[in-house]
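All remarks here apply to the structure that follows.
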Number of protein chains: 2
Amino acid sequence: MTWQRVRAEVHRRITDRLWLPGESIPIEADLALELGCSRSTVNRALRALAEEGLLERRRKGGTRVTKTPAARAKLSVPLIRIEIEAQGARYAHRVLRRERIRSPATVRTSLGITDERRLLHLETLHLADGCPFVLEDRWVDPLTVPSLLEADLERISVNEWLVAHVPLSRGDIAFSAVAADAATASILEVEPGAALFVVERTTWRDESGITCVHLSYRPGHRVETTL
Amino acid sequence: MTWQRVRAEVHRRITDRLWLPGESIPIEADLALELGCSRSTVNRALRALAEEGLLERRRKGGTRVTKTPAARAKLSVPLIRIEIEAQGARYAHRVLRRERIRSPATVRTSLGITDERRLLHLETLHLADGCPFVLEDRWVDPLTVPSLLEADLERISVNEWLVAHVPLSRGDIAFSAVAADAATASILEVEPGAALFVVERTTWRDESGITCVHLSYRPGHRVETTL
DNA sequence: AAGTGGTCTAGACCACTCC
DNA sequence: GAGTGGTCTAGACCACTTA
């Protein structure tokens, strides 16, 4: 009995409603006995189902079938270059603006910056086969990534530079739909008011904010994944 | 040495660039020896890091640090009612349309339906504190969920009914931004052309398509998560 | 206080894949 | 063919939580 088979069997009992939502299922030891395997194997199977949101586990409380499981999707947000190349298009980018200025309060807040220091502000247009694909508006705190100031961002986009040099970080990400303002519309070569897919990301390393970025995708862009 | 500490230590060696992207790291047995724990513990730690996308593992090939890790987010898509109540608003829904008709080819294709059978088509408006929040346009194959035909969908929304009665299923999900057409705009009480956040989901049970749904969110809606 | 899941261990065998 | 990760086992102790 492999843990995958145990998992499949438990999954079946839930879908077949032998174990109803909200109900407790047998404890690991009993399941191990019934299925003829060790408790470790049962543990691994149940742990996997709990990570998927189908089971809820508590010490002493036992394991229950989740009442209303939220659909869970694993989203993978690749580099913009990879995203474009995956469509079979040629990637290019253009730096539209690069300046070191005081940042708006909203940016300072989301990065957790309290003083008045100037941040690096970058506006980059990413192109697929020469057509505007996404406009990147990014603020970077040079205190956390000083070497970025010397980087040749015409060759490597900030996006890629950061992933390569600060690969591991935690952050928030948000998706929304926004009507294009005049400036953005003109850069993306769409009508003002067009529905843009917007991704906002704030990235942290330990306790200090590194960068926050606003991505405005050309209409038609989709983010797809599997449940 | 717990597996979480092993994981943290390996994570540190990657962030500190002791192990560079693309490089192989020591084999499990050696790490176990060095860190003073059993191989199982190292295995669990490395497996976790691989699931996060930081490591790539292959039998015989060993374990390598991922070159360009894609940001990975776990997205949880809750019931619309839960979503609204989480904002502190009162939930309500209204069934705008309920009919049994032949479906458009696009719907038949995504559900994998080959014959001409009529599907259940439902249009439901979900309200937060009485204000339109999201418009749900859904097709259900009654062959896979026959009992839905007798459900009282004025009391329980289709959305919720399906989650409760067909809780376990796989599916695709896509996010995009779309300009509101006249009909949708009037229902959501926004200007035609407004930027709507759109979620499209197709849900399967085993090999048969259950339902496909198109959700048009009122402008301002955001989907947030953590990397 | 006691029951349940969380984890660690040491050892074993197996499956994959690179050389 | 051989090296590496994948997994199973039996037993043990611990941490949390609820009854």
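Within every chain, numbering begins at 1; the chains are lettered A, B, ... in the order of the sequence lines, protein sequences first and strands thereafter.
Straight-line distance from the CD1 atom of B:Ile27 to the P atom of D:dG6: 13 Å, rounded to whole Å. The distance from atom CG of B:Leu55 to atom C1' of D:dG6 is 16 Å, rounded to the nearest whole Å. Separating the CZ atom of A:Arg5 from the P atom of D:dG6 is a distance of 21 Å, rounded to the nearest angstrom. The distance between atom CG of A:Leu46 and atom C1' of C:dT7, rounded to the nearest whole Å, is 15 Å. In this entry the distance linking CE of B:Met1 with P of C:dA10 reads 14 Å, nearest Å. D:dC8 atom P lies 12 Å from atom CG of A:Leu35, rounded to whole Å. Remark: P of C:dG6 and CZ of B:Arg7 are 16 Å apart, rounded to the nearest angstrom. One can place CG of B:Leu31 at 13 Å from C1' of D:dT4, the figure rounded to the nearest angstrom.
Contact check, A:Arg44 against D:dC8: no side-chain N or O comes under 4.0 Å of OP1 or OP2. Distances shorter than 4.0 Å separate some side-chain N or O of B:Gln4 from OP1 or OP2 on C:dT7. Contact annotation: B:Thr63 side-chain N/O to D:dG5 OP1/OP2 distance is under 4.0 Å. Residue A:Asn43 has a polar side-chain atom (N or O) positioned under 4.0 Å from OP1 or OP2 of C:dG6. At least one side-chain nitrogen or oxygen of B:Arg58 sits closer than 4.0 Å to the OP1 or OP2 atom of C:dC18. Between B:Thr41 and C:dT9, a side-chain N or O to OP1/OP2 separation shorter than 4.0 Å is present.
Along DNA chain D, the nucleotide closest to B:Ile25 and the one closest to A:Arg64 are compared, and the more 5′ of them pairs with B:Ile25.
Looking at A:Arg39, its side chain has no donor and acceptor atom pair within 3.5 Å of the base of D:dG11.
Side chain of A:Arg59, nearest nucleotide from D:dC8, C:dT4, C:dT9: C:dT4. For A:Arg57, the listed nucleotide lying nearest its side chain is C:dG5; candidates were C:dG5, D:dT7, D:dA2. Looking at the side chain of B:Ser38, the nearest of the listed nucleotides C:dA10, D:dT7, C:dT7 is C:dA10. Across C:dC8, C:dG5, C:dT17, the shortest atom-to-atom separation from the side chain of B:Lys60 is found for C:dT17. Counting only heavy atoms from C-beta on, B:Trp3 has its side chain closest to C:dC8 among D:dG5, C:dG5, C:dC8.
At a threshold of 4.0 angstrom between heavy atoms, the contacts of A:Glu56 with the nucleic acid are absent.
Scanning all heavy atoms of the two residues, the minimum distance from A:Glu123 to A:Leu135 falls at CG-CD1, 4.3 Å. Contact detail for A:Ala45 and A:Val6: the closest heavy-atom pair is CB-CG1, 3.5 Å.
Taking the charged nitrogens against the carboxylate oxygens, B:Arg201 and B:Glu136 have no contact shorter than 4.0 Å, which rules out a salt bridge.
Ring geometry for A:Phe197 against A:His221 counts as tilted: the plane angle lies between 30° and 60°, on a 0 to 90° scale.
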Practice prompt. Please assess B:Thr41 against B:Ser38 for the test side chain to side chain donor-acceptor pair (under 3.5 Å), listing each intermediate value before the final yes or no.
Written response: CA-CA 5 Å; B:Thr41 305; B:Ser38 72; 3.3 Å; yes
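Under the side chain to side chain donor-acceptor pair (under 3.5 Å) rule, A:Glu52 has a single partner from A:His11, A:Arg72, A:Arg7, which is A:Arg7.
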